[in-house]
2 protein chains.
Amino acid sequence: MQNILFDFIAKYISLTEDEKNVLLSLDLFHPVKKGTILLKKGQKSRESYFVLKGCIRVYYIKDGEEKTTAFYTELDALTPHCVVNNTPSDYFISCVEDSILLISNADMTVEINSKFPKFDIMCRMLSEELLAKQRIDFDEFKTSSPEQRYLNLLQKRPDLIQRVPQHQLASYLGIKPQSLSRLRARIIEKDKG
Amino acid sequence: MQNILFDFIAKYISLTEDEKNVLLSLDLFHPVKKGTILLKKGQKSRESYFVLKGCIRVYYIKDGEEKTTAFYTELDALTPHCVVNNTPSDYFISCVEDSILLISNADMTVEINSKFPKFDIMCRMLSEELLAKQRIDFDEFKTSSPEQRYLNLLQKRPDLIQRVPQHQLASYLGIKPQSLSRLRARIIEKDKG
DNA sequence: TTCATTACTTAACTTAAGTGAACCAGATAC
DNA sequence: GTATCTGGTTCACTTAAGTTAAGTAATGAA
């Protein structure tokens, strides 16, 4: 599990054994049970998450309905909005599967980053990369129909369609569960003809 | 114009006069005429933009049609995907109005950041903030209907609706220009009744 | 001035998503 | 065993967006 982390970090910066040991001494790794709610609406949190194994999900409750907007799986990093702005959270984060997460505290991160400027540089590279990647995702969403979005997801994250309930997938695609069912039936019908 | 920049930077870090002078010596400020294309699809670029005055726009050409996905106005920063990943650009960037932009080269940025670690920290803070903000925008888009999106835009960026052509606004909202016209007529009708 | 182009609107028709209800497993509780 | 709950599909109906085409107003070029 630690090697997964170090391999990931190695894509950005190189760590000495000492630096690795500092990281390991921090007690960052946490197993989390399916269904656990990591963050609730209205809470202030200082925690960031990095998924080593499993899947976590961001959702809103709007008009009494759950609206899922994001899934984070292996090697995905999430710093909630409320951590960055120090405001109460607008959304919930819950655990879709039994998972192993790296959970870091913002205060801790500040301390580490000031001791090891390398980490700050890595954080900058990572945020810039995520910002650009998310931009592309957003653009694809905007310029696609629900059906295209589904087909696109089938290409890019086929695992999600298996491991996540349909009604959560539907709102992730910006539609209702009934529409997702219908849309899938339509695609199968097309493939036949 | 320079003060606009320094006031912006002051929200993140404090600069000495020397540091300010280094920035000013770099010839970053550029007036850009309306209609200028700053980046074309397929190009590799190393340039980031910061809008001091005016408006620039990101758009794709998909199935022969322009699809506008973003507008950057006063105090917005944009580092294109192709700069981060050093790949050919998927999209175009053009200038909606006569504008004054701060244009910085990635190589130059790397040099400055290594000389002044402060800048690196500011870049990290800025990317994290933008990442979280964009996440919220994306979430709002996903969980709203076109009509709600339009009303939301009317609240948050009323200026955009005035300064940008309708057909560009439409694709920004994820719909066709005809639908935007209809949707606006519908809203006016509702307000009356 | 005239002609062409462009941006925007309107309308009729098509297609697909939203809505509400019924239905059908599969899982859990009693 | 039956009852219940949940997640998913299907159906009939409504609503809104896509499509195609036409019309209007403003802009710019010949």
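Lettering of chains follows the sequences in order, A, B, ..., and the numbering in each one begins at 1.
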**OP:** Run the numbers on B:Gln168 and B:Phe71 for side-chain contact (heavy atoms from CB on, under 4.5 Å), then give the verdict.
**Re:** CA-CA 10 Å; B:Gln168 292 175 9; B:Phe71 295 103; 3.8 Å; yes
Original post:
Between D:dT10, C:dC8, D:dT20, which one does the side chain of A:Ala185 approach most closely?
Top reply: D:dT10
Subject >> Separation of D:dT9 P from A:Ile187 CD1 (nearest whole Å) >> reply: 12 Å
Original post:
Side chains of B:Arg149 and B:Ser144: is there a donor and an acceptor less than 3.5 Å apart?
Top reply: no
**OP:** Take the protein atom CD of A:Gln148 and the nucleotide atom P of C:dA17, then report the distance between them rounded to whole Å.
**Re:** 11 Å
**OP:** Give B:Pro177 one of three labels, base, sugar-phosphate or nothing, depending on what nucleic acid heavy atoms sit under 4.0 Å from its own.
**Re:** nothing
Original post:
What nucleotide among C:dG18, D:dT20, D:dA17 has an atom nearest to a side-chain atom of A:Ser179?
Top reply: C:dG18
Original post:
Once you round it to whole Å, what is the distance between P of C:dA16 and CD of A:Glu189?
Top reply: 13 Å
**OP:** Mind calculating the distance between NZ (B:Lys176) and P (C:dA16) to the nearest angstrom?
**Re:** 14 Å
**OP:** State whether A:Glu19 and A:Lys118 are salt-bridged, where the test is any N-O pair (Lys NZ or Arg NE/NH1/NH2 against Asp/Glu carboxylate O) under 4.0 Å.
**Re:** yes
Original post:
Roughly how many Å is it from CZ in B:Arg186 to P in C:dT9, rounded to a whole number?
Top reply: 14 Å
Subject >> Nearest-Å distance for atom pair CD1/P, residues A:Ile175 and D:dT15 >> reply: 21 Å
Original post:
Between C:dC8, D:dT9, D:dT19, which one does the side chain of B:His167 approach most closely?
Top reply: C:dC8
**OP:** Consider the side chain of A:Gln178, meaning its heavy atoms from C-beta on, and name the nucleotide among C:dG20, C:dG18, D:dT19 that approaches it most closely.
**Re:** C:dG20
Original post:
The side chain of B:Arg184 lies closest to which of these nucleotides: C:dG18, D:dG18, C:dT9?
Top reply: C:dT9
Original post:
Between D:dG8, D:dT19, C:dT19, which nucleotide gets closest to the side-chain atoms of A:Pro165?
Top reply: D:dG8
**OP:** Identify whether the distance between the nearest side-chain nitrogen and carboxylate oxygen of B:Asp107 and B:Arg46 falls below 4.0 Å.
**Re:** yes
**OP:** Nearest-nucleotide wise, let me know which of B:Val164 and A:Glu65 is further upstream toward the 5' end of DNA chain C.
**Re:** B:Val164
Original post:
Quick one: B:Glu147 CD to C:dG18 P, roughly how many Å, whole number?
Top reply: 14 Å
Subject >> B:Ile188 CD1 - C:dT10 P separation (whole Å) >> reply: 8 Å
Original post:
Hydrophobic cluster mates of B:Ile93, side-chain heavy atoms under 4.5 angstrom, ILVMFWY only, any path?
Top reply: A:Ile136, B:Val32, B:Leu38, B:Leu39, B:Tyr49, B:Val51, B:Ile56, B:Val58, B:Tyr60, B:Tyr72, B:Leu78, B:Tyr91, B:Leu101, B:Ile103
